[in-house]
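Everything below concerns the one structure shown next.
A note on names: the letters A, B, ... follow the listed sequences, proteins ahead of strands, and every chain is numbered from 1.
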Amino acid sequence: MVQVRELHEWPSAEAEAVAVQERLRSMVRFDGAPEEVRTVAGLDVAYAEGSDDVIAAVTVLNLADLSVVDSSVVRARAEFPYVPGLFAFREAPSLLEALAGLDVEPDVLVCDGQGLAHPRRFGLACHLGVLTDLPSIGVGKTSLGKYDPPGPERGDRSPLLLDDEPVGSALRTQPRVKPIFVSVGHRCTLDAACDLVLRLAPRYRLPETTRTADQLGRAESRR
DNA sequence: GCGACAG
DNA sequence: ATCTTGTCGC
């Protein structure tokens, strides 16, 4: 159901990976809040203990009641090492396979990791957004940049800065709980991204999309 | 040289 | 990411 555009090869060398990011960077669309959002996908990757396997998990939630309406899991060998700034080359291939296995095409992708809040402004969320041409959002539990602590209430936010440049928001999803880091991936505005994330996190710090995908992935990793 | 460094 | 017990609080 989700079509993946073949815009580049998957390099094994870091220099080529950086070149791919710098080439695809111009394809990111910042305009337009996704309209008529009915379903939202959560994407997460788990790692099995002993092996070099990556387990890509995707869940699709009905935004109205946050129920899971579809899911897909893919277990595959990691073809790229963990290199900060080059996550997509380790995690995106299996995540795209999982997306291709869905029956329901989601209206938005919520990725665990950064979007524009990335050294070259092309984090995992941007990469997945451009390759699928679906609106996407990056949600990180930790961030690379600097930020002033947002206010204590749910919905309070402050600019996330990288190189003194605003690249996202430190968003408080629960009162007095450590903020999460939201950045635009593709075809979405930062305000729309934060609003959607807040709707997805009525009760816990992390959005339900991330939580359900994480649960699915770790269940698969314990087999 | 040393510490930092999305998951 | 993952390895791990208890503990405080709603």
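Qualifying side-chain contact (heavy atoms from CB on, under 4.5 Å) partners for Leu144(A), counting only residues two or more places apart in sequence or in other chains: Pro119(A), Leu162(A). Residues satisfying the side-chain contact (heavy atoms from CB on, under 4.5 Å) test with Asp191(A), not counting sequence neighbours, are Arg157(A), Thr189(A). Not counting sequence neighbours, the partners of Pro159(A) by the side-chain contact (heavy atoms from CB on, under 4.5 Å) test are Leu161(A). Tyr82(A) meets the ring-ring contact (aromatic ring centres under 6.0 Å, His included) test with Phe87(A); sequence neighbours excluded. Every residue was checked against the salt bridge (charged side-chain N to carboxylate O under 4.0 Å, His left out) condition with Arg90(A), not counting sequence neighbours, and none meets it.
Cys126(A) places a side-chain heavy atom less than 4.5 Å from the side chain of Val28(A). Inter-residue side-chain proximity for Ser183(A) and Val167(A) is flagged as unmet; no heavy-atom pair is nearer than 4.5 Å.
Shown are Val54(A), Asp53(A), Val73(A); of these, the side chain to side chain contact (heavy atoms under 4.5 Å, CB included) with Ser94(A) is made only by Val54(A). Here the options are Gln21(A), Glu22(A), Glu165(A), the test is side chain to side chain contact (heavy atoms under 4.5 Å, CB included), and the partner is Arg121(A); only Glu165(A) passes.
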**Fill in**
Pairs under 3.5 Å (Watson-Crick or G-U), crossing ones as [ ], inter-strand ones as |: DNA chain C comes out as ..........
**Item:** Watson-Crick or G-U pairs under 3.5 Å in DNA chain B, rendered as dot-bracket with [ ] for crossing pairs and | for another strand
**Value:** .......
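Near DNA chain B, meaning a heavy atom under 4.0 Å from it, residues 118-147 of chain A has His118(A), Gly123(A), Leu124(A), Gly140(A), Lys141(A), Thr142(A), Leu144(A) in order of number. Annotation: proximity of residues 149-156 of chain A to DNA chain B (heavy atom, distance under 4.0 Å) is found for no residue. Near DNA chain B, meaning a heavy atom under 4.0 Å from it, residues 75-95 of chain A has Tyr82(A), Pro84(A), Gly85(A), Leu86(A), Phe87(A) in order of number. Sorted by residue number, the list of members of residues 160-178 of chain A with any non-hydrogen atom under 4.0 Å from DNA chain B is empty.
As a whole-Å value, the separation of Asp52(A) CG from dA1(C) C1' is 13 Å. Rounded to whole angstrom, the span from the CG atom of Asp44(A) across to the C1' atom of dT2(C) amounts to 13 Å.
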Could you go through nucleotides 6-10 of chain C and list every protein N or O atom that sits under 3.5 Å from one of its N or O atoms, giving the distance for each pair?
none

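Contacts of Gln114(A) with the nucleic acid, taken as non-hydrogen atoms under 4.0 Å apart, include base atoms. Arg218(A) comes within 4.0 angstrom of sugar-phosphate atoms only, judged by non-hydrogen atoms across all strands, and of no base.
Between the side chains of His127(A) and His8(A), at least one donor N or O sits under 3.5 Å from an acceptor N or O.
The pair Arg176(A)-Asp156(A) fails the salt-bridge criterion, with no side-chain N (NZ, NE, NH1 or NH2) lying under 4.0 Å from an Asp/Glu carboxylate O. Between Arg218(A) and Asp214(A) there is a salt bridge, since at least one side-chain N of the basic residue sits less than 4.0 Å from a carboxylate O of the acidic one.
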**Criterion salt bridge (Lys or Arg N to Asp or Glu O under 4.0 Å) on Asp31(A) and Arg187(A), from CA distance to verdict** = CA-CA 6 Å; Asp31(A) 54 294; Arg187(A) 293 176 54 183; over 6 Å; no
